[in-house]
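Below you'll find the structure, written out as structure tokens, and then a few comments.
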Amino acid sequence: MNKKQEALKAFNVCIDQNKDSMIKEQASLLRAQIAYEILPFDQSENYLNEYLKNYPNAKAFQQIRTLGIHANIASGNFKQAEMELNSSGDTNQTLKQLYQRAAYSKGLASLLSGKASDALSAFESSRKIPENPVQAASAIFWMAECAYRMGEYRKSIEWAQQYNQQAWDVKSEERTTQLYLLQAHAFQKLMQTDSAGWSYALYTDTLSKPDWALALNEEKPEFIPDMVPEVDLNKMALNNDFQEKKYRFAYTPVPLTPLVLDGPTAEMVNKHHIELAIGHHRAIRFRSGYDLSKWVKTPLYIDMQHQGFRGGLSHQRYTETELGIHGSHVVKGIPLHGALQFDRKGYGFYGYDRGQYQYDQLDLRQRFTGLRMQAYSDSMRHESSEITYQGAAAISLYGDRYASFENGIKLQAGAGKWFKKDLKVFAGLLADLNVFRSSVSVQNNSLLQLNMGLQKNIDEGILQVALNPAIGQKLHLLPDIFFRYPLASLQANIELGWRSVVALNTFRSLTTLNPFVFSHYQVEQSQNTEVYGHIKGQYEGGIQYGLKSGVRIMNNLPVFVNDTAGDYKRMQIDYEARATAFMLEADLQFQPQPEITAGTSFKWHPILQTRSGFKAWHYLPFQWNIFGQYNFRKDWQFNADLFLRGASAAAMGYKGDANTYVRMNDPGIDLNLKASYRIEKGIFAYLELNNLMGSQYQRWYGYPQWGTQFFIGAQYLFNSNSPLAK
């Protein structure tokens with residue numbers, strides 16, 4: 001920290017005394033970054049704003065502008081933050097949501113402190129950028145209360161009436177009733193007795209004439225918020241803004257899927273979209289999304305996609321359909337978020353000797369259908385106790401066409417509290433309850449886990465110590481211990497840790513990994529433990545890097561064995577009692593120029609020893625991905641992706657069986673290219689070429705990868721004002 005303060009002083013001297021414009025610009029950039037990192041938000045604003053004023057065309061302008069907006073929000077300078085966020089071209093939705101949440105939270109905190117004027121100002125600010133319509137309506141409710149406390153009774157009535165005019169799905173019946181009482185008292189203060197009487201009658205929900213005059217002689221009870229939304233105002237990472245990478249799996253059933261890299265431009269990240277493409281192997285793809293928030297006055301988004309393929313081998317086919325509905329709502333002051341997701345995937349069994357074995361068409365098809373409903377709350381802080389808490393719940397249904405079915409309920413809750421500003425104590429509960437039914441058995445697959453521990457700030461580092469008892473098929477004591485420390489010289493964080501988790505190996509998770517398994521299996525839970533070191537940071541020139549290494553111990557590792565019926569069409573699940581693996585992972589991303597982004601990720605987890613002495617069948621020890629993206633003259637975008645996968649061993653029969661014999665799946669390589677052209681604003685055409693190497697790599701023995709494939713498609717992006725949206 002002291003070195004950074006000295007560096008800040010040195011940059012000030014350099015800027016004042018140096019006449020070289022390039023050196024001054026670089027010094028100003030580094031000064032702004034260091035100031036943001038080490039100074040309080042309100043003190044770093046000046047350095048950030050000075051850089052923005054002097055270098056509006058600089059490459060780092062947008063990054064510093066983002067830091068400046070964040071500093072304004074965190075310091076409570078909402079007026080400046082609002083002006084920046086509303087300026088032309090800014091599409092940072094995350095900052096807009098943070099702005100609204102921070103201003104709303106400050107309003108509630110000020111109201112609890114008895115500062116009605118400050119609270120009113122904060123609530124007014126929160127409504128300037130109404131990203132969340134429910135929270136915007138809630139701000140109006142509290143503005144009415146603030147105005148009443150300040151003696152501005154006419155304004156209080158106006159706010160109360162404005163709240164009551166909001167759509168039914170962004171206001172609550174309880175608050176509407178409370179505001180009838182507020183209006184009655186406000187009209188009484190203004191000596192408007194008739195209006196006071198009618199408002200009180202609405203409050204009591206009766207058309208008779210209650211003794212409102214006597215009731216209104218009492219002081220109006222104050223409306224007091226019990227909870228304040230927790231706002232994460234930790235310093236943002238000083239990384240260059242890389243475009244978010246979204247990997248889409250072109251065809252899931254193949255052993256090595258062409259993982260088409262889709263790095264959309266800022267304009268392409270539009271919730272309103274329609275995409276249609278056709279391709280080789282009788283392939284079709286359809287995707288769409290629509291944001292209903294503007295029409296229903298609460299956050300609500302729907303999306304849908306469907307794609308299907310038929311390969312060159314008999315019964316080599318795949319279809320996928322997904323539908324999602326996502327929304328948010330405030331219940332008793334707590335923001336809740338929910339989602340309903342439906343998915344259906346169909347596969348063909350093509351991994352068998354088609355010349356020797358003949359099957360009915362129905363026996364060569366598999367279909368998995370799933371439904372998930374989930375809800376979770378924002379992190380909230382209870383003001384009187386200063387305890388933060390958060391909860392989540394989910395229900396899942398999942399089955400296949402052979403009458404295997406799994407249903408589950410997942411509940412998770414956690415709370416924490418800071419003591420002395422450097423010690424946090426936390427506790428939580430996880431209940432993951434599942435039942436699996438097949439034609440031959442009914443099996444429970446559940447876990448109850450208590451998470452408890454503490455975090456301690458040591459200088460600039462963080463130490464967490466947690467021991468989590470869990471009851472599943474066995475009793476576990478799961479460590480979650482790490483120490484994280486910043487290395488200023490490397491602009492990085494280094495972390496040493498010891499962590500252990502239980503994997504339930506649900507029917508959904510196993511069939512998602514390998515859809516060619518039998519429809520019934522023996523449920524066994526796994527425990528995975530890692531002892532590791534990890535460094536993650538950045539370097540000059542827009543380079544981000546990460547390196548992780550250690551040892552992983554896997555108990556009850558699920559492995560996949562080709563069945564013993566002689567045709568090897570479906571696989572069975574076995575469990576390796578204990579496997580110890582070396583772990584080495586590396587990530588690198590860099591952006592040498594604004595229009596060029598490239599990177600690589602590398603994972604090498606070779607198994608050093610198994611308790612059985614056999615290989616871990618179909619275990620994949622090596623993966624290496626390389627990607628690049630080039631934006632050419634604003635209208636063109638090119639993506640390239642190279643994927644390498646290591647060899648794996650396959651077994652025909654169970655371990656130890658006299659009939660067991662081993663086959664090796666050779667390493668595989670996969671190259672994908674994509675070119676996208678913007679015809680005009682909102683309309684894109686693209687050509688996608690997958691598996692250009694024609695790889696026949698077999699992730700699952702007997703199931704070679706699909707050959708080279710191409711897609712020709714178009715995407716239309718529109719906004720809520722277009723004719724299509726209406």
Q. Would Glu406 and Asn434 count as having a side-chain donor-acceptor pair, cut-off 3.5 Å?
A. no

Q) Quick check: does any side chain N or O of Ser500 sit under 3.5 Å from a backbone N or O of Pro479, one acting as donor and the other as acceptor? A) no

Q. Can you tell if the side chain of Tyr350 reaches within under 4.5 Å of the side chain of Pro704, non-hydrogen atoms only?
A. yes

Q. Looking only at side chains, do Ser328 and His337 share a donor and an acceptor under 3.5 Å apart?
A. yes

(Q) Within a 6.0 Å radius of atom NZ on Lys536, are there more than 12 heavy atoms belonging to other residues, nucleotides or ligands? (A) no

Q) Do Phe518 and Tyr402 have their ring centres less than 6.0 Å from each other? A) no

Q) Between Gln696 and Gly707, which heavy-atom pair has the shortest distance, and what is it? A) NE2-CA, 4.1 Å

Q | Heavy-atom check, side chain of Phe560 versus side chain of Trp617, under 4.5 Å | A | no

Q. Are Ser526 and Asn505 close enough that a side-chain donor and a side-chain acceptor fall under 3.5 Å?
A. yes

Q.
For the CG atom on Leu513, are there more than 12 heavy atoms of other groups (residues, nucleotides or ligands in this structure) within a distance under 6.0 Å?
A. yes

Q: Run through His326, Lys410, Gln341 and flag the one making a side-chain hydrogen bond (donor to acceptor under 3.5 Å, both in side chains) with Gln374.
A: Gln341

Q: Quick one: pull up CG in Asn555 and CD in Glu524 and give me the separation to the nearest 0.5 Å.
A: 12.0 Å

Q) Side chains of Gln525 and Asn556: does their closest heavy-atom pair fall under 4.5 Å? A) no

Q: Taking all heavy atoms of Lys615 and all of Ala649, pick out the closest pair and write down the distance.
A: CD-CB, 3.4 Å

**Q.** Full working for salt bridge (charged side-chain N to carboxylate O under 4.0 Å, His left out) between Glu530 and Arg552
**A.** CA-CA 5 Å; Glu530 290 184 357; Arg552 174 180 292 171; 2.4 Å; yes

Q. Would you say His520's side chain and Ser441's backbone share a donor-acceptor pair under 3.5 angstrom?
A. no

Q | Side chains of Ile573 and Gln522 in contact at under 4.5 Å (non-hydrogen atoms) | A | no

(Q) A side-chain contact here means heavy atoms from C-beta on lying under 4.5 Å apart; do Asp670 and Tyr697 qualify? (A) no

Q. Which heavy-atom pair separates Val561 from Asp574 by the least distance, and what is that distance?
A. CG2-CB, 4.1 Å

Q. Stepwise, does the side chain to side chain donor-acceptor pair (under 3.5 Å) test hold for Ser648 with His618?
A. CA-CA 5 Å; Ser648 62; His618 284 103; 5.6 Å; no

Q | Exam field: side chain Ser404 to backbone Gly399, donor-acceptor pair closer than 3.5 Å | A | no

Q) Quick one: does Phe426's side chain get under 4.5 Å of Gln464's, heavy atoms only? A) yes

Q. Any side-chain donor-acceptor pair under 3.5 Å between Arg699 and Asn514?
A. no

**Q.** Under 3.5 Å side-chain donor-acceptor pair for Gln390 and Gln412
**A.** no

Q: Check whether the ring centres of Tyr703 and Phe349 lie less than 6.0 Å apart, and answer yes or no.
A: no

Q) Cut-off 3.5 Å, side chains only: do Thr506 and Tyr398 have a donor facing an acceptor? A) no

Q) Are any side-chain N or O atoms of Asn672 and backbone N or O atoms of Asn691, one a donor and one an acceptor, separated by less than 3.5 Å? A) yes

(Q) Is it true that, when you exclude Lys424 itself, more than 12 heavy atoms of the residues, nucleotides or ligands shown sit nearer than 6.0 Å to its NZ? (A) yes

Q. Can you find a heavy atom in the side chain of Arg663 that is under 4.5 Å from one in the side chain of Gln698?
A. no

Q) What about Tyr352 and Tyr357, are their ring centers closer than 6.0 Å? A) no

Q.
Quick check on Arg372: does its CZ atom have over 12 non-hydrogen neighbours (other residues, nucleotides or ligands) under 6.0 Å away?
A. no

**Q.** Side chain Asn445, main chain Leu504, donor-acceptor under 3.5 Å
**A.** yes

Q: Would you please say whether a donor-acceptor pair under 3.5 Å links the side chains of Asn451 and Gln449?
A: yes

Q. Counting distance only, does the side-chain N/O of Tyr301 pair as donor-acceptor with the main-chain N or O of Gly324 below 3.5 Å?
A. no

Q.
Main chain of Phe582, side chain of His605: is a donor-acceptor contact present, judged purely on distance under 3.5 Å?
A. no

Q. Side chains of Phe368 and Asp343: closer than 4.5 Å at any heavy-atom pair?
A. no

Q.
Using 0.5 Å steps for rounding, measure from the CG atom of Leu467 to the CG atom of Leu478.
A. 9.0 Å

Q) Under 3.5 Å, is there a donor-acceptor pair between the side chain of Ser549 and the main chain of Met583? A) yes

Q) For Arg645 and Asn625, does a side-chain donor sit closer than 3.5 Å to a side-chain acceptor? A) yes

